[in-house]
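Comments concern the structure below.
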Amino acid sequence: MAEDSLPIQFVAPAQRNEAVTLAMWLLLATEALMFGALFLSYLIYRLLFPQTFAAASAQLDSMLAALNTGVLLTSSLTIALAIQAVALRRRALALWLLAATVALGCSFLILKGYAWYTEYQHHLVPLRGFQTDYSALGSGAQMFFNLYFVMTGMHALHLSIGIAVVLVMMAYVAWSDRTAMVTRRVGLAGLYWHFVDIIWVFLFPLFYLVV
Amino acid sequence: MNARRYIGTYLALILLLTATVWSHGFELGGWNVVINLAIAAAKAALIALVFMQLLREKALTRIFSLLGLSWLAILFVLVLADYLTR
Amino acid sequence: MSAIPQTGSYLDSGYSLRSWLLTTDHKRIAWLFLLSLTLFFFLGGTAAALIRLELVTPTGDLVGQDTYNRLFSLHGIIMVWFFLVPSIPATLGNFLVPLMIGARDMAFPRLNLASWYLYIIGGLFTFATVISGGVDTGWTFYTPYSSMFSNTHVVLAIVGVFVVGFSSILTGLNIVVTVHRLRAPGMTWFRLPLFIWSTYATAVIMLLATPVLAMTLLLVALERLLGIGFFDPRLGGDPLLFQHLFWFYSHPAVYIMVLPGMGVVSELMAAFSKKAVFGYTYVAFSSIAIAFLGFLVWGHHMFTAGQSMYGSLAFGLLSFMVSVPSAIKVFNWTMTMRKGTLSFETPMLYALGFIGLFTIGGLTGLFLATMAIDVHVHDTYFVIAHFHYIMVGGMVTAYLGGLHYWWPKITGRLYSERWGQIAAVLMFFGFNLTFFPQFILGYLGMPRRYHSYPDEFQVLHVLSSAGAVVLAFAYLLPLCYLGWSLKYGRRAGSNPWGTTGLEWTTSSPPPKYNFEQIPRVDYGPYRYPIVSGTPPTETRHG
Amino acid sequence: MTAAQSFQPIDPPRPFALFPEATSTLAGQVDAVYFTMLGLCGLVILLVLALMTYFILRYRRGNLRADRTHRWPRWLRHRLEWVWITLPLLIFIAVFVWGGIVYIRIHSMPADALEIHAIGKQWMWKFQHPGGQREINELHVPVGRPIKLTLASQDVIHSFYVPAFRIKRDVVPGRYHQAWFEATAVGRYHLFCAEYCGTMHSQMRGQIVVLPPQEYADWLRRQELGSSLAAEGAALFRSYGCSGCHGANSSVRAPNLAGIYGRPQPLTGGGTVIVDDAYIRDSILLPQKQVVAGFEPIMPSFAGQIGEDDILKLIAFIKSLAAEQEIQP
Ligand code: HEA
Ligand code: HEA
Ligand code: CUA
Ligand SMILES: [Cu+2]
C-alpha cells in the first residue's frame with residue numbers, strides 16, 4: 001500500500017496524528033461554546049417561565065424524540081465500529097458500517113422533519129409570516145418555540161454536515177489505499193459525529209421532558 | 001476487543017435512554033430535571049470516554065476536552081450570578 | 001530526520017500572483033495579512049479622521065447624524081475585527097511562531113491560508129455593508145436596536161463579523177497546536193521566548209471566546225430576519241442576555257487585542273537592554289493568568305445596564321484581580337532595564353511608549369472597575385480615552401515596534417533609522433494630544449456616540465481633533481519609509497540587532513522552510529553576556 | 001436640513017470648565033473616590049516613569065561607568081515579585097470596597113422620596129409628576145429632597161444621565177429601572193441620553209431644573225393639570241376592559257386588585273411575590289409568567305396594546321386602591 005507523505009512541518013507520523021487529534025478536540029471545544037450560548041439562553045428563559053415551558057413541552061411528541069435519540073445513539077455505535085474496521089483494514093465491513101451511519105443520520109433528519117411538520121400543522125412554528133397560536137400556553141410560549149426551533153435547527157444543520165463528511169469518508173474507504181490517512185480522517189469524522197450526538201442527548205430532555 | 005466494549009457501551013446508553021423516558025412518567029417535582037440531566041450527563045460521558053476514545057488519549061487531549069466544558073461553566077455561573085440575584 | 005535542501009529565501013520561491021495567493025508558507029501568509037490589515041487600518045482611520053473633523057464644532061454640521069452614526073460603527077467594527085484582533089497574531093505571530101520554536105511551518109498550513117481567505121470574505125461583506133449604505137448600531141450591536149429598530153444593513157455587517165470570527169478561530173487553532181506539537185527538540189516551555197507565551201494565551205482566548213460571539217450575532221440576525229428572537233422584550237426576552245453573551249466574547253477579546261503586544265514588548269525590552277527579561281516565569285505565567293481571568297470580568301461593561309447589584313460587585317472585584325498580571329508585566333519590563341545596556345533605536349522607542357501609555361490606559365481601567373466612578377463615566381469619552389490608550393497607545397504602538405524590529409528579518413532590508421525615530425516620537429505626541437483631553441471630557445460628562453454636543457465641550461474637542469491630525473500624519477510616515485526600504489533599503493545581515501532568538505539564526509529573509517536542519521535547543525531565551533564597563537561591539541545599523 | 005435636524009435640544013448654558021459641578025448628595029461621594037484613585041494611580045504611574053527615566057539615564061549604552069555586574073540574587077528577585085503583586089492589590093482593593101459602598105448607596109432607594117415617572121422613547125424623555133403634571137425633556141424638581149425615578153422605555157435602550165448628579169441608569173425596554181438623587185443646589189443641569197439609541201441619540205438631551213421648594217410648589221400649581229395619574233388610570237381601567245373581569249360583580253373569576261400593592265401574593269406552583277410596579281407590569285403584559293394561586297391563567301396579554309405611559313397610569317390607579325374599596329364595574 002502506498003503511504004502518506006509526511007508534510008514538511010512534521011518530523012514523525014505520530015507527531016502528526018497527535019497534532020490532528022488535538023486540533024479536532026479544540027474545534028469541538030469551540031463548537032461546545034457555540035452551542036453553549038444557546039443552552040444558556042434556554043436556561044435563563046426556563047427560569048423565567050417555568051410553567052409555560054412545561055405546557056409548551058407537552059405539545060411536542062416526546063416518543064418520537066425518544067426514538068430519534070435511540071437512532072442517534074445507534075449511529076454512534078456504527079461509526080465507532082466503522083473506525084475500528086478501517087483500522088483493521090476490513091474495507092467491506094467498514095463501508096457497510098459507514099453506510100449504516102449515514103442511513104441512521106438520514107432517518108433522524110426525516111423523523112425530525114416529520115416532527116417539525118406536525119408542529120407546523122399545529123401552528124407552533126414562530127417564523128415570520130406563519131400563522132401561530134400559542135394562546136393556550138401562556139406568556140413566554142413563543143420564546144420556548146424560538147429556542148426549540150433554533151436549537152434543533154442548529155443541531156440538524158450540524159448533523160447534515162456530519163452526514164456529508166461521512167459520505168466523503170466512504171469514498172476514501174472505498175477508493176484510497178493510504179490506510180494511515182484514511183484511518184486518521186475517519187477517526188476525526190467519528191469525533192465530530194459523536195459530538196453532534198452528545199448535543200442531542202442534552203436537547204432531548206431539555207425540550208421534550210419538561211415537567 | 002474493542003467491538004465488544006462498544007456494544008456494551010451502546011447497551012448501557014439505550015438502558016439510560018429507557019430510564020429517562022420511564023422516569024418521565026413519574027411526578028417527582030424538581031427531581032425530574034435532576035434525573036434527566038444526570039442521565040444526559042452520564043450518556044455524554046460514556047460517549048466521550050469510550051466512543052471518542054478519551055480513556056486512551058494522552059493527558060493533553062483529555063485536558064483540552066475539558067476546556068470547552070470548564071469555559072461553559074464560567075459562562076453559566078457568572079450569568080446566573082446576575083440573574084439569580086436580581 | 002533529513003535535512004531539507006535549501007531553496008533560497010521564501011521571497012524568491014516564486015514571483016507569480018498565484019505563488020502568493022495559493023501559498024501555504026506561513027511567512028507569505030503573514031504578508032497577505034499584513035497588506036490587507038494595513039488597508040483596513042487606513043479605512044478605519046479615515047472614518048476616525050471624519051469623526052474627529054465632525055466633532056470640531058458642537059452643532060454637527062459636517063456630516064448628518066445618520067452618517068455620523070455609521071462612521072463610528074464602521075470605525076469600531078473595522079478597527080476591532082479587521083485590524084486589531086488579527087494584527088499581531090496573524091502577521092508577526094504567523095511569521096515568527098514557527099521560526100521562534102524551531103519549526104518549518106505551522107501545523108496546518110492550508111488551514112492558515114483558509115484563515116486569510118475567510119478574513120478577506122468577511123472583509124468583502126464589510127465593504128458591501130459600506131457600499132450599500134453602512135450600519136449604525138455601534139460595534140456592540142446592542143439589541144433591541146440592532147435587531148428591531150435600526151434600518152441599516154445590520155445583517156450584512158453581522159455576516160462580515162461572523163465570517164472573520166472563523167478566521168480568528170482558525171488562526172488560534174493553528175497557533176495552539178503548533179506551540180504544543182511542533183517545538184524543536186529541547187525547546188521546553190521555559191525556553192520559549194515570551195512572545196510565544198503571550199501569543200499562545202491569545203490563541204486560547206480566540207478559540208474559546210469567538211464561538212460565543214458567532215452564535216450571538218447569528219441570533220441577532222435570526223431575530224432581525226425571521227422574527228425568531230431570543231432577546232425581544234415583547235416576547236419576554238431580555239436584552240441584557242445579549243449583553244452578557246456579547247461581553248463574554250468582547251471582554252476576553254480586549255485581551256486578544258493587547259496580549260500579543262505585551263509579548264512583542266517583552267522581546268523588545270530584552271533586545272534593546274541586551275539583557276534577559278526580569279522575572280521570566282512571572283511574565284510567562286501572567287499571560288496565561290490574563291487569558292483565564294479575562295473570562296471572569298465581562299460584567300464590568302454592565303454596571304449601569306440593569307445587572308443585579310451583587311453581580312456587579314463580583315464582576316468589579318474580579319476586574320481588579322485581572323489587573324494583577326498586567327501589573328506584573330509592567331514592573332518586570334521596567335526592571336529589565338536595570339543593569340542593561342540600553343540603546344534607543346525605533347523599536348525601543350515604541351516599546352517605551354507602550355509601557356507608559358498602556359499603564360495609563362490600564363490604570364484608568366481601574367477607575368472604570370470602581371463601580372461608583374463607572375456609573376458616572378460609563379458611555380462617556382472617559383471610556384473612549386481608556387480604550388484608545390490601550391488599543392492605540394498600547395497595541396498599535398507595540399505592533400509598529402514589532403514590525404520595525406523584525407522588518408529586517410521579514411524583508412531582508414534595513415529602514416531609515418532616523419525617519420523611524422521621528423515617526424515614533426511624533427506618534428507619541430500626536431496620540432497624547434488626541435486622547436488625553438478625552439479623559440477630561442469624559443469626567444465632565446460628554447457622552448460617547450454624540451454627533452452634536454453642548455458648547456462648553458468644544459475647546460477640548462478641538463484639541464483632540466488637532467491631535468488626530470498629527471497622529472494621521474505620523475501613521476502615514478512608516479508607510480512611506482518602510483515601503484521605500486523594500487526597494488532601496490540596505491541589505492540586512494542575518495542578525496542586524498545582535499539579539500538572541502532562533503529567528504535570528506536564519507538568514508534574512510529566511511529560507512522557504514526556515515531551517516535546513518531543525519535546531520536542537522539546549523539553552524533558554526535571552527542569553528546575553530553580562531557586560532562590565534566596556535560597551536558591547538557595535539552591531540546596530542543605520 | 002431635515003425636520004429631524006432642525007430640532008434643537010434644550011441645553012442649559014454652562015461655562016467652560018475642566019471639572020464638572022457636583023450638585024447632588026451622591027456627587028461628592030463619587031468625586032472623593034475618584035480623587036483617591038487619581039492620587040493612587042498618579043503615584044503608580046509616576047513611580048514607573050521615574051524608574052524608567054532613571055534606568056534610561058544610568059544604563060544607556062553610552063554610560064560606560066555604570067556597574068552592570070552585581071545583579072540581585074534569586075531570592076531577592078522572587079521576593080520583589082510578590083511584594084509588587086500583593087501591595088498594590090491590597091491598596092486598590094480597599095478603594096474598590098469604598099467604591100462598592102458608594103455604588104450600593106446609588107442603588108438603594110430612599111424611603112421618603114418624591115416619585116416621578118420617566119419614559120424614554122426615540123428621542124425624548126417624558127416625565128409624569130404624581131400630581132399629573134407632564135413635561136418633555138425638562139424635569140423640574142425641588143432642591144434638598146430625594147427624588148425617586150421609575151424609568152421605562154417605549155422602544156430601545158436609553159440611559160438617563162445627569163453628570164452634575166453623577167447618576168446614570170440604563171432604561172431597558174421590558175422592565176422598570178429605578179434611580180434616585182437629591183439635588184443640593186438650585187440651577188439648571190444637563191440631562192443626557194447616554195446609551196446609543198439611533199439617529200437622534202445625541203439630540204435626546206434636556207435639562208433638570210432644580211428649584212427652591214416654594215418655587216417648585218408654585219411651578220406645580222402653574223402647570224395645566226391633567227387629572228392625576230391615578231384618576232386617568234381609573235378611566236383606562238375601564239376603557240381597556242380590565243374592569244370587565246376585575247370589577248366587583250364580574251362573572252369572570254379574577255382577583256380583586258384592591259389593596260394588593262405592597263403585599264405578598266401567593267403564586268400557582270409555589271412561592272410568593274411582593275406586588276410592586278414591575279410585577280403589575282408583568283401581570284398586564286406577560287400575565288402567565290406568574291399566576292396568582294387559585295386562579296386560572298385566563299387573563300389575556302395586553303402586550304402591544306398598552307403603551308408604557310398608560311401602564312404607568314394603571315399602576316398608579318391600582319396603587320391608589322385602598323383595601324376596602326370595591327372596584328366599580
Ligand atoms: C486592548 C483593550 C483593552 C484592555 C487591555 C483593557 C483592560 C482593562 N479594562 Fe477596558 N475596555 C476596552 C478595552 C480594553 N480594556 C474597550 C474597547 C472598552 C469599551 C467597550 C465599549 O463599550 O465600546 C473597555 C471598557 C472597560 C470598562 C467598561 C466601561 C464602561 O463602559 O462603563 C471597564 C470597567 O471596568 C474596563 C476595565 C478594564 C480593566 C480593569 C482593564 C485591566 O485589564 C487593565 C490592567 C492594567 C493595569 C491596571 C495597568 C498596569 C498596572 C500597574 C502599573 C500596577 C498597579 C495596579 C494594580 C496592581 C491594581 N474597561
Ligand atoms: C481598535 C482599534 C482602534 C483604533 C486603532 C482607533 C483609532 C482612532 N480612533 Fe477609535 N474607536 C475604536 C477603536 C479604535 N480606534 C472603537 C472600538 C470605538 C467605539 C466605536 C463605537 O462606539 O461603536 C472607537 C470610537 C472612537 C471615537 C468615539 C466616537 C463616538 O463615540 O462618537 C473617536 C472620537 O474621537 C475615535 C477616534 C479615533 C482616532 C482619532 C484614532 C486614531 O488613532 C486613528 C489614526 C489613524 C488615521 C487618522 C489614519 C491614517 C491617515 C489617513 C487615512 C490619512 C487619510 C485621511 C484622510 C484623507 C481624511 N474613536
Ligand atoms: Cu436615547 Cu440615546
Ligand atoms: Cu472589559
Side-chain angles (χ1 to χ4, degrees), chain C residues 64-66 69 138 142 144-145 149-150 233-234 236 239-240 279 282 304-306 309 313 316-317 320 324 327-328 330-331 334 337-343 352 356 359-360 363 366-367 370-373 375-376 378-379 440 443-445 447 449-452 454 456 459 530-533 535, chain D residues 11 14-16 18 20 30 33-34 37 41 44-45 48 51-52 55-56 59-61 64 68-69 71 77 81 84-85 88-89 92-93 95-96 99-100 102-104 106-107 155-157 159 163 166-170 172-174 177 190 192 194-202 286 303-304:
Chain C
Q65 39 204 359
D66 277 326
N69 295 343
Y142 269 19
Y145 184 70
F149 287 86
S150 169
R234 286 174 313 187
L240 286 199
Y282 291 89
T304 66
M309 192 176 75
L313 284 166
L317 185 62
F320 274 73
V324 170
I328 294 177
V330 170
F331 293 137
T334 311
M337 294 198 279
R338 187 176 175 271
K339 307 233 161 181
T341 308
L342 312 184
S343 58
L352 294 174
T359 306
I360 296 181
L363 289 171
L366 294 181
F367 284 66
T370 310
M371 294 118 65
I373 303 178
V375 169
H376 176 46
H378 168 70
D379 270 349
I440 305 173
Y443 204 77
L444 278 170
R449 297 170 172 176
Y450 259 31
H451 155 262
S452 64
E456 75 263 23
V459 176
I530 296 183
V531 287
S532 56
Chain D
D11 278 325
R14 312 266 16 131
F16 171 75
L18 290 177
V30 174
V33 184
Y34 177 71
M37 278 299 274
C41 292
V44 172
I45 185 89
V48 171
L51 267 179
M52 278 170 63
F55 291 151
I56 286 173
Y59 298 108
R60 65 183 198 277
R61 186 173 40 192
L64 304 183
R68 294 179 166 89
T69 45
R71 295 193 181 165
R77 280 183 277 147
E81 298 278 355
W84 69 44
I85 287 173
L89 184 66
F92 274 99
I93 291 226
V95 186
F96 165 79
V102 177
Y103 181 75
I104 292 174
I106 296 175
H107 274 256
D155 35 49
V156 299
I157 308 178
S159 187
R166 311 286 188 272
I167 57 156
K168 181 183 286 122
R169 196 83 181 111
D170 286 13
V172 181
H177 295 267
H190 284 300
F192 293 130
E195 181 62 59
Y196 176 68
C197 54
T199 306
M200 301 219 313
H201 162 62
S202 64
L286 306 165

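Only a predicted model underlies this, so the values are computations on that prediction, with no experimental measurement involved. Every chain is numbered from 1, with letters handed out A, B, ... down the list of sequences.
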To the nearest 0.5 Å, tell me how far [X] [atom1] sits from [Y] [atom2].
| X | Y | atom1 | atom2 | answer |
| --- | --- | --- | --- | --- |
| D:E195 | C:Y142 | CD | OH | 6.0 Å |
| C:N69 | D:S202 | CG | OG | 7.0 Å |
| D:Y103 | C:T304 | OH | OG1 | 7.5 Å |
| D:M52 | C:T334 | CE | OG1 | 6.0 Å |
| C:T370 | D:M37 | OG1 | CE | 4.0 Å |
| C:T359 | D:I45 | OG1 | CD1 | 5.0 Å |

Between [X] and chain C, with a heavy-atom cut-off of 4.5 Å, which part of the residue counts as in contact: side chain, backbone, both or neither?
| X | result |
| --- | --- |
| D:L18 | both |
| D:V33 | both |
| D:D11 | side chain |
| D:H201 | both |
| D:P173 | both |
| D:L286 | side chain |

Next on the checklist: Taking the six-membered ring for Trp, are D:Y196 and C:Y145 closer than 6.0 Å centroid to centroid?
Outcome noted: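 Yes, the ring of D:Y196 comes within the 6.0 Å limit of the ring of C:Y145, centre to centre.
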Next on the checklist: Once side-chain contact (heavy atoms from CB on, under 4.5 Å) is applied, do any residues pair with C:E456, and if so which ones, sequence neighbours excluded?
Outcome noted: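 For C:E456 the side-chain contact (heavy atoms from CB on, under 4.5 Å) partners, ignoring immediate neighbours, are C:P454, D:R14, D:H190.
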If you take all heavy atoms of [X] and [Y], which pair is closest and at what distance?
| X | Y | value |
| --- | --- | --- |
| D:V172 | C:A305 | CG2-O, 3.5 Å |
| D:H177 | C:G306 | CE1-CA, 3.8 Å |
| C:P233 | D:G174 | CB-CA, 4.1 Å |

Pairwise side-chain contact, [X] with [Y], heavy-atom cut-off 4.5 Å (strictly under):
| X | Y | answer |
| --- | --- | --- |
| D:I157 | C:P144 | yes |
| D:V44 | C:V330 | no |
| D:Y59 | C:M337 | no |
| D:I104 | C:M309 | yes |

Could you tell me which portion of [X] (side chain, backbone, both or neither) has an atom closer than 4.5 angstrom to a non-hydrogen atom of chain D?
| X | answer |
| --- | --- |
| C:V375 | both |
| C:S150 | neither |
| C:F367 | both |
| C:Y282 | side chain |

Next on the checklist: Let's test your reading of the structure: which of D:R77, D:H107, D:R169, D:E81 forms the most heavy-atom pairs below 4.5 Å with chain C?
Outcome noted: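 Highest number of heavy-atom pairs under 4.5 Å: D:E81.
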Next on the checklist: Holding to ring pair (Phe, Tyr, Trp, His ring centres under 6.0 Å), I want the full list of residues that pass it with C:F320, two or more places apart in sequence or in another chain.
Outcome noted: D:F96
With chain D as the partner, which of [options] has the greatest number of non-hydrogen pairs under 4.5 Å?
| options | answer |
| --- | --- |
| C:R338, C:H378, C:R449, C:M371 | C:R338 |
| C:S452, C:P239, C:G356 | C:S452 |
| C:G340, C:G236, C:G138 | C:G340 |

Checklist entry - Between D:F192 and C:Y450, how do the two ring planes meet: parallel, tilted or perpendicular, split at 30° and 60°? => result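 Rings of D:F192 and C:Y450: perpendicular, over 60°.
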Next on the checklist: Using modelled atom types and a 3.5 Å cut-off, is there a donor and acceptor pairing between side-chain atoms of D:R68 and backbone atoms of C:K339?
Outcome noted: no
